[in-house]
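Written below as structure tokens is the structure these notes are about.
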Amino acid sequence: MDKKRREVLKAGGGMTLLMLLAAAGWLRPGDVRAADWNKAAFDTKTMDETMKALGGGTPVPSNDIAFFSTPDIAENGAVVPIGITSKVPKTESIAILVEKNPNMLAATFDIPAGTEPSLSTRIKMGQTSNVYALVKADGKYYVASKEIKVTLGGCGG
Amino acid sequence: MADPMKIRANVVGDSTEVKVLMNHEMETGQRKDAQGKIIPGWFIQNVKVTHNDKVVLDAQWGPAVAKNPFLSFKFKGGAKGEKVRITWTDNRNDTRTDEATIA
Amino acid sequence: MPATKFRRIVIGAVTVVAVAGALYGCAMSTMTSKDDAQLESRATAMLKSSFKAKGQVKLDRLDQDETQRLCSEYANQPLPPSVAERIQKANLATVRFPADGKLIGDWKSGEKIAQSGQGFQTSDDPSKPAGANCYACHQLAPDELAYGTIGPSLYQFGKLRGYTDEMRKYAWSKVYNAEAFNACSNMPRFGHRQILTEQQLKDVVALLMDPASPVNH
Amino acid sequence: MKDMHPRKLAAGVVVAVLGVTIGVALAQTSTVDEIAKYREALQDGNPAELWEARGEEMWTKPRGPKQVSFARCDLGMGPGVVKGAYAHLPRYFADARRVMDLETRLVWCMVNEQGMSEADATKTTFGGPGRRSDIEALAAYVSGQSRGVKIDVALDEPHVRDMYQLGEKMFFFRGGTHDFACATCHGDDGKRIRLQDLPNLTTVEGARKAYSTWPAYRVSQGELRTFQWRLNDCFRQQRFPDLVFGSDASIALTAYLAGRANGASFDAPAIKR
């Protein structure tokens, strides 16, 4: 799907229009996905690259972003619980980034007005790493980080 | 075909708390099989949660989200008996939509 | 050291018997040694009929040597000192030292061996080197937080005991065949059962006994 | 060097193992606390529910050549009765003349009632990527229907008691290249392998805690695992050959461990590392 068309669709009401088009049979589900999945951002390997792909500048460290139900040590890297709450006013989205994963960006969550800027999910971590909670609020980016240690489990083989 | 999600939606104070478990391999595309061949990536890319046709959460995921994904969040409003609807779409264009009644 | 072990075994066995007695009423306490031997042999036969060969692992893994047989038989009851001595003597006789007389290899390689649990499982590739999985049971280098406690901490093993020739020989012998010093030890006999190669044994001993090893920091 | 005598060496060993510095000890305490937090954080959503849901659907649907559901499958409490059934297994089934655990009984129903071949019924005993196991889903559903029920294995029944006693012997059987027995890892209190606590299965308390939380969703594998799997994978790590699914030894060991856990409130499917 070419970029211009994507931008036009986005400009013309974002997902609502896309969903209408999909419902009308104009788009296959794959097109909806392609339009709405930021491949460039998910391919990035550094914070700078990720920020560029997301269209933002350098994020500002913020004490208004907190991790909850997120352990310092994960017993298994295949499932690492991550909870993030943002108290930054006008939070629009929350993203989870893992510094030492093959690709840095794990997930982004757009938070519409009326939804609490607080969520929890589970991610994979290949090794001990810093995990970043990146918040977009009123067009600006803020960040908090936490180191999570990943341990080797069981009989190790 | 993809298996159903397990969705719980409960009124907590003046909000609705949504907890969902999804059935998905979330294969990273980084792992190798026994023969040393890369196992192709297979993962959910988009998750959309709606309540009364209003989007309450819109997520994009990469393969670093854990297998059989779990997600929990809250949105303002929502009343017992109303529906919460969740749709995911993966990188193979497979998609699944499930609904839960707010309790 | 063995004396402590015996005491522990005795206490453990008493507990188990007491609990089993409570479960069965009198059934257990009236069981004769003949009944018990019969049960033992039925259990062994049932085990042998319940496995199949897979990968590199053949059914002969279930054929016990004398040490295994005795340790199984006495696992749930006090190990008589005479039996313990028999086991230790037989295993002591198996210890072989390297022909070149060098007991210390490369601790860095030893650390990798200590971390790896690969080897001898149905799921393992026999062409790949086996590990000793020391961290599964022992604390070693302080940086590794994920260590087990089935065996004692080996942190500062050499530093605490002294980097003496005698201690190096002891470390070698203990890794080679733990049953030589502690009858019915939980520790595999890495040299005697050819789990590790001679070079690997040297590397593991280096991890314990080289002053430069992080274990001795 | 050949004249060196290891026994003398052993005597020479001064057990000066007070080498754990306070710093290291403190670090370890916080490690254990953090692992506890990790486990706590996982309790919120257990993917085992996905298996339970699939198993429940499977239970009621016609299956196999005879197109019969599990409605007539007797898990020991009457045809089709699921509630509380798992808490009484393994038990002796006169129709099969055998002590059976849940998994073997499910296979028996598939073969004898649904008309499947033994080979088909046991084709995928343990699931993996791209191969789902019906048995794991059914076990998740059935065991979930015993949540909160007290484990009550009939140790006064002669066949069950015999299997219990045989299982106890097997628990202490040492073998393989590494001299491991079940008891090597599960015969002492307060031990860990790496950071995983090892239940002492020779104590009632240890057996209760461990047995009452299987089946379980294993996050390390992203799969729902049954007790048959638990035994199979323990033996793999013991460097034993492959434990045959539903074999007599697997039933005997299950009878031993379930019997020791008698009286515990059943709390599965659980979620574990």
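Just so it is clear: chains get the letters A, B, ... in the order the sequence lines come, proteins before strands, and each one is counted from 1.
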A:K124 NZ to B:K67 NZ distance, which is reported to the nearest 0.5 Å: 9.0 Å
Separation of B:T89 OG1 from A:W37 CH2 (nearest 0.5 Å): 12.5 Å
Atom pair CE (B:M26) and CZ (A:R122), whose distance is rounded to the nearest 0.5 Å: 13.0 Å
Residues B:L57, A:F109; criterion side chain to side chain contact (heavy atoms under 4.5 Å, CB included); working and verdict: CA-CA 7 Å; B:L57 193 75; A:F109 299 86; 4.0 Å; yes
List, one per line, each side-chain donor-acceptor pair under 3.5 Å for residues 111-118 of chain A, sequence neighbours excluded.
from: A:T115; atom 1: OG1; to: B:V56; atom 2: O; distance (Å): 2.5
from: A:E116; atom 1: OE2; to: B:S15; atom 2: OG; distance (Å): 3.0
from: A:S118; atom 1: OG; to: A:T85; atom 2: OG1; distance (Å): 3.0

Any pair counted as ring-ring contact (aromatic ring centres under 6.0 Å, His included), so long as it reaches residues 11-37 of chain B, sequence neighbours left out: B:H24-B:W42, B:H24-B:W88
Side-chain touch B:F43/A:F42, heavy atoms, less than 4.5 angstrom: no
Pairs of heavy atoms under 4.5 Å with chain B: top-ranked of A:G126, A:A106, A:S120: A:S120
Residue-level contacts of residues 44-54 of chain A with chain B, using a heavy-atom cutoff under 4.5 Å: none
Validation: residues 70-84 of chain B side-chain donor-acceptor distances under 3.5 Å, sequence neighbours left out:
from: B:E82; atom 1: OE1; to: B:H51; atom 2: NE2; distance (Å): 2.6
from: B:E82; atom 1: OE1; to: B:A79; atom 2: N; distance (Å): 3.0
from: B:K83; atom 1: NZ; to: B:T101; atom 2: OG1; distance (Å): 3.1

Heavy-atom pairs under 4.5 Å with chain B, option from A:L119, A:T121, A:D110, A:N103 with the top count: A:D110
Proximal component of B:K19, with respect to chain A [non-hydrogen, under 4.5 Å]: neither
Exam field: side chain B:Q60 to backbone A:D36, donor-acceptor pair closer than 3.5 Å: yes
